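Nothing here was measured: the structure is a model prediction, and the numbers come from that model. By convention here, the first residue in the shown sequence is residue 1.
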Amino acid sequence: MHGAEHFAAVLSGFTCYGLPILHPLTRRVEGVLNITVHPDDAHPLFPPTLARAVDDIEQRLIDTSRPADSRLFRAFREACRTGRAIVALNDHVMLTSTAALAMVEDLDLDLEAMREIARSTAHRGASTVESVVLLSGAMVTARIDRLQDVAHGAVFRLRTRSVPRDASGAEPANRGHFVGAEPAAATATASVYVEGEPGSGRSTVARSLLDGTSVTVIDALDCLVGDSTAWAERLAAALDRHADGLVIDNVHVLPGDLVDLLARTISAGHHSVPIVLTGNPQTWLPAHVQSLVRRCRRIVALKPLRERRTEIPLLAQSVIDALQPGRTHRLAPATARLLTAQPWPGNIPELREVLRHALANRPFGAIEIVDLPAAYRLRPVPSLAGREEAERHAIIEALRRFDGNKTRAAQSLGVTRTTLYNRLRALKITDDTVHFLHS
């Protein structure tokens, strides 16, 4: 800045050269190096000298950083020699190449989701290839190189690829969880069991497994309000119609006599209608329904929404498109990150109701955090570590198996009732949690 170019008149008698000092790892401004002289003393070597001094200072910042962060930087620099879109990160630092930075800015890459993947990569070997969902709904293929000597450190080599969008709603993204499951109709009378928590999209997936437009759907819940004979007659009529396929939803509620009837129907194979059953996870099923599931030739297991965090931005956009067809709503990046962090015990129906509320508050434009229901505007506490998550799941399963009886649940887990109560408080497990997940 020379003389009169200064905004402040009091500085017009000086020539100033200044460069910010950026920490190479955190990209924070650590300081500014400045040379201020009389205009007559200005010299053309001042700018390159200043730049060289800043480079030296930034290199010293790397050298004095935590060893793990320095190791991450070296791995990032090495990866940039062989690739364009590179992201290197651990729990504290994130480094991006120019190509990757453009991808983040244009497609709103969810870096928190990448950190989750980096943590889980530790259990999958030194190098893996995965699909990462961007907040825009696009996907990238990522080769993930785990840094063995850096806790939760990984280098992502990103490459964009297109993915088909489904305008019917969020559930079709479940297809990623049963790659290789061919349509049920391909094997004529083959039967399939689609298992998942309520709201995981099992009914939609069951229909997608059947080729053709003439698919009959029977809900086992109807037998609870009617009589078993009437429900059995509906089953027989559906098989006689020779439809393209038959979906029987919620088989976990069927009484023993109807389970026996359905098992004989599947085993006999005298019909030409492919059958797809849906219901709760096998660990939730009573013994007589488990025997029915064992007769199925294929089982498709759907993950709950809390285990599909990298998909949530894409799922949310699909739900928005289905709720408001023809409009151009989308999630603001901060909103997408907040939704990704939620626990979602109600799975996709819960997500749909949250977005329905948000759309009512935002008639057009990007959905902001303020548009969400109040309970969803705060980021939840960090997710449990792997061991604690497994412990929480085991406790919930025991309580569910014994209808909430904590004494019997503690005995099955091999702990005292006092210990169980302590873990219930620590892991935030309530009676409502168990009931909601089982309903």
Residues that Thr15 engages under side chain to side chain contact (heavy atoms under 4.5 Å, CB included), provided they are two or more places apart: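 Side chain to side chain contact (heavy atoms under 4.5 Å, CB included) check on Thr15 returns His2, Tyr17, Val37, Pro39, Ala42.
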According to side chain to side chain contact (heavy atoms under 4.5 Å, CB included), who are the partners of Ala75, at least two apart in sequence or on a separate chain? Arg71, Leu147, Val155
Report the distance from atom [atom1] of [X] to atom [atom2] of [Y], rounding to the nearest 0.5 Å.
X: Gln290; Y: Thr283; atom1: CD; atom2: OG1; value: 8.5 Å
X: His329; Y: Leu331; atom1: NE2; atom2: CG; value: 10.5 Å
X: Ile35; Y: Cys16; atom1: CD1; atom2: SG; value: 10.5 Å
X: Leu315; Y: Asn347; atom1: CG; atom2: CG; value: 10.5 Å
X: Arg352; Y: Ile320; atom1: CZ; atom2: CD1; value: 12.0 Å
X: Phe46; Y: Thr36; atom1: CZ; atom2: OG1; value: 10.5 Å

Any donor-acceptor pair under 3.5 Å linking the side-chain atoms of Asp55 with those of Gln59? no
Which atoms form the tightest heavy-atom contact between [X] and [Y], and what is the distance?
X: Asn250; Y: Arg202; answer: OD1-NH2, 2.9 Å
X: Met94; Y: Leu89; answer: CA-CB, 4.1 Å
X: Asn361; Y: Asp371; answer: ND2-O, 3.1 Å
X: Ile266; Y: Arg295; answer: CG2-O, 4.1 Å

Is [Y] close to [X] at the side-chain level, that is, under 4.5 Å between some pair of heavy atoms?
X: Ile367; Y: Leu359; answer: yes
X: Arg308; Y: Pro304; answer: no
X: Leu338; Y: Leu372; answer: yes
X: Leu292; Y: Leu285; answer: no
X: Ile299; Y: Glu195; answer: yes
X: Leu277; Y: Leu262; answer: yes
X: Phe402; Y: Ser412; answer: yes
X: Pro286; Y: Val289; answer: yes

Identify the residue among Val300, Val194, Asp219 that makes a side chain to side chain contact (heavy atoms under 4.5 Å, CB included) with Thr278. Val194
Run the salt bridge (charged side-chain N to carboxylate O under 4.0 Å, His left out) test on Arg306 and Glu197 for me, step by step, so that the C-alpha distance in whole Å, both residues' side-chain angles and the decisive distance to 0.1 Å come before the verdict. CA-CA 11 Å; Arg306 62 184 175 275; Glu197 292 182 6; 2.5 Å; yes
Could you go step by step and tell me if Arg60 and Asp56 meet the salt bridge (charged side-chain N to carboxylate O under 4.0 Å, His left out) rule? CA-CA 6 Å; Arg60 292 289 297 273; Asp56 290 343; over 6 Å; no
Using modelled atom types only, decide if a donor and an acceptor are shared between the side chain of Arg207 and the backbone of Val215 within a distance under 3.5 Å.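 Not a single qualifying donor-acceptor pair exists.
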If we ignore hydrogens and angles and just use 3.5 Å, is the side chain of Thr49 paired with the main-chain N or O of Leu45 as donor and acceptor?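 Yes.
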Take Asp145 and Arg157 through the test salt bridge (charged side-chain N to carboxylate O under 4.0 Å, His left out) and record every step on the way to the result. CA-CA 8 Å; Asp145 296 323; Arg157 303 168 191 262; 3.0 Å; yes
